[in-house]
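Data first, discussion second: the structure below is written as C-alpha cells.
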Number of protein chains: 2
Amino acid sequence: MVSPDTLLSASVPADLTVPVALGDRAYDILIGPGLLHRESPWQGLPRASDAVIVSNDTVAPLYADRLADRLSPHYRRVLRVVLPDGEAHKDWPALNSIFDALLGAGCDRKTVLFALGGGVIGDMTGFAAACYMRGVPFVQVPTTLLAQVDSSVGGKTAINHPLGKNMIGAFYQPVRVLCDLDTLATLPDRELSAGLAEVIKYGPIADPVFLEWLEAHMPHLRRRDMTALQQAVKRSCEIKAAVVAADEREGGLRAILNFGHTFGHAIEAGLGFGVWLHGEAVAAGMVMAAELSERLGLAATGFTARLVRLLDAAGLPVRGPASLTAQDYLRHMRVDKKAEGGDIRFVLIEGIGRAVVRPAPDGLVAECVRAHTAQG
Amino acid sequence: MVSPDTLLSASVPADLTVPVALGDRAYDILIGPGLLHRESPWQGLPRASDAVIVSNDTVAPLYADRLADRLSPHYRRVLRVVLPDGEAHKDWPALNSIFDALLGAGCDRKTVLFALGGGVIGDMTGFAAACYMRGVPFVQVPTTLLAQVDSSVGGKTAINHPLGKNMIGAFYQPVRVLCDLDTLATLPDRELSAGLAEVIKYGPIADPVFLEWLEAHMPHLRRRDMTALQQAVKRSCEIKAAVVAADEREGGLRAILNFGHTFGHAIEAGLGFGVWLHGEAVAAGMVMAAELSERLGLAATGFTARLVRLLDAAGLPVRGPASLTAQDYLRHMRVDKKAEGGDIRFVLIEGIGRAVVRPAPDGLVAECVRAHTAQG
C-alpha cells in the first residue's frame, strides 16, 4: 500500500500531466491547483481570432471572468455563451443557442470553444465544437470532480433527445483538458461524493493498488485535501485514458468503464433521471455488480463487503432504493439492451483490477438486486 | 484525344469501381446501370437488424420500393423516412425528424442508413448517421449527376442554419457509394446540365485529357448515353477521391475543388439561393475565374473562350446575371472570406490540369465580372 505521507508531503502540489495517446488526436490533461490564476497552462493553444467560453448560470458567475482574463492575451475577442444549468437543458435548443451566438458574432472555422463547467457543459460544448463548420477545436475546463475524472476524458459528446439520453452526439476529442483543483472547493458535498463513485470504480476494474490507496485516503479526499484530490484525479484519468486509447470508439474494452452502470442506469431510469445523482446510482450499482461477480465465482468472497465499506466512507448509497423491485431493474435493463443490439451484459470483477463483460441469468441478477436494496 | 469509339463500344457497360483511399475510412464507389435491379451490388454491407432508407417526396416514389427490395434479404426491417424535397428543408427540423423516426422505431447503434436522393438528402443523411448514437454506418445512393460526381464523394455532411449554409455538420465517410446510372434517366435536363458543370470543373483543375474527352462527348452526355455518363462519373469521382485522400479535412489542396465557386457563391447569394442552380452559378463562375487566370498570366490566351464553348455545349449559362454588379460580387465574397478567416482567395488555372489558390486585386476581379456579365 502507498503511504499517505509520501503522497501528501507538499501543501500546494505541482501540476501533473496525463497524456491521452490517440494518434493525431492526442492531447494532454493538466491537473493542478490554481490553473485559472496562472498564465502558463493557457499557452500554446490553437491560434484564432475568437475564443468562446461556454458555461452555465451556476458556474459562469464563479469562474468565467477569471478564464476570460487568461484568454484575452491570446485572442482578439473572448465571447461568452451562458446556458441554463442542468441536465434538462442538455438538448437541441441549448445547443442551437451556441450556434446562434457563434454565427451571430461571425465566428470563423478556427474559433476555439472552452467548456467551463461539469459534464453537461462538456458534452454540449464538445458536440457544438464537433459540428460548428464541421469541426472547430475545443478545450475542456471541468469544474466538477465527475467531469474531471470521467466526462472530460474520452471524447464522448452528446445531447439528449426526448426519446433517450445522449442519443445525438459524436466522438470528438478536445485539444487540451485543464483540471483546476481549486474549482472543487465550491462543489456541494453531495456532488463531491458522486464524483468519488467514478473514482472508486477505477480500482476494481483496473488497479488494486489504487483501490488500497483510496481506502487509506478517503478522509483526505472528503475534506478536499489538494494533494489527495490531485492523485485521485490523475490516476483516474490515466486509467480512463489507457482504456480509451485502446478502444476510442467503444468497440469492446471501453465497456469496462461501465462497471456498476447497468444496475445504476436502471436505478436512474426507475426513479426518474435526476432523483439520484448519476454517481449515487453507480455506487449502489457497483455493489450489485460486485455481488454478482462473487456469486458467479469470479470475485473472492468479501469483495462486495470491502467495496461497501469504501463507498460508505465516501458518503455514497450502498443499497438500491426501496421503491424499485428486481423486476423493475430487469425491465429497464432490457430497454438499454435493445439500444445496444444484443444481450444484457454486465461488467464483472474477476479478481480486483481485472474486469470482464458477460451476460448473467435473470434469477441471479434479481437475487443480487434484492440482497442490496433498502427496506421500504 | 481519346476516341469516342474505344469508350462507347458496349451499349450496356459493366460496373466500374472507384476506390477512395482514406485508411480505416476507405470505401468504394460503384458506378453502373441497373444497380437497383441487381443483387450483387448490395452484398457485403454492414450487418444490422435495421436498414433505414432516407429519401425525399420526389425520389422516394420512383426508387424507394426497388431499394427496399434489394435490402430486405439482408435486414430484418427496412424502414423509410421521407422528407420534403428541396434545399429549404436542409435544416434542423428535417434532421430531427430522422432522429425521431430512428428512436421511435427503436433502431440500435448498428442501424445502417441509406441516402436515396440528391445532394441535400446525402448531406442530411450523412450528418444524421454521424450523430445518431455517436455514429452509425451509412450508404450513399445518389440519384442526381451532381450528387454522383460531387456531394457523394468526400464525406462533407451538413445542414443549413438560418445564418448560413452548411454551417452545422461533420466530416463523415459513407461505407459505400452506389451510383445507379439509370436514375439519371428521370433527371430534368436543367439538373443534368447543372451536374455537368461540376464534371467539366475536373478537367481544368486536374486533367487536360479529360477536358478533351468532354469536348468530344458532350453530345453523348446530353442525350444520356450510359457509357459516356459512366466514364464522366468515374473520372470525376477518381479526381475528387484523389484530392480528398490527400486532404480529407480541407487543410489546403481540397480548395482546388472550388474552381468557379468563389464567383458562383456570389451569384447564388446575390440572386437569393435557389434562383440559379448551384451548377449554373458555378458555370458562370468558372468563366470569370478562367478570365482572371488569363489576365494574371497564368492560363494561356484562349482558355476562357474554350471553356465558354464547352459550358455552352453543356446547356449552361456562361455569363453572370445582369442584375448583379461587380460590387455585389465583391461584397458577397467578403462575407464568405470572413467565414474562412482570411483573404478572398481564388482557384486559378495555371495551365490546364493544374490549379493554384491565391488572392487577386479587387479591380481585376471586377473587370473579370464585367467582361462576363449579361447585358440587362
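Just so we're clear, the structure is a prediction, and the values are computed from it rather than from any experiment.
A:E87 and A:H278 share no side-chain donor-acceptor pair at under 3.5 Å. No side-chain donor from either of A:K156 and A:N166 sits under 3.5 Å from a side-chain acceptor of the other.
Centroid-to-centroid, the aromatic rings of A:F346 and A:F263 come within less than 6.0 Å.
Proximity to chain B is absent for every atom of A:T111, based on heavy atoms less than 4.5 angstrom apart. Heavy-atom distances place no part of A:D50 under 4.5 Å from chain B, backbone and side chain included.
No other option in B:D100, B:I168, B:N96 has as many heavy-atom pairs under 4.5 Å with chain A as B:I168.
Side-chain contact between A:V175 and A:F138 is absent, with no heavy-atom pair separated by less than 4.5 Å.
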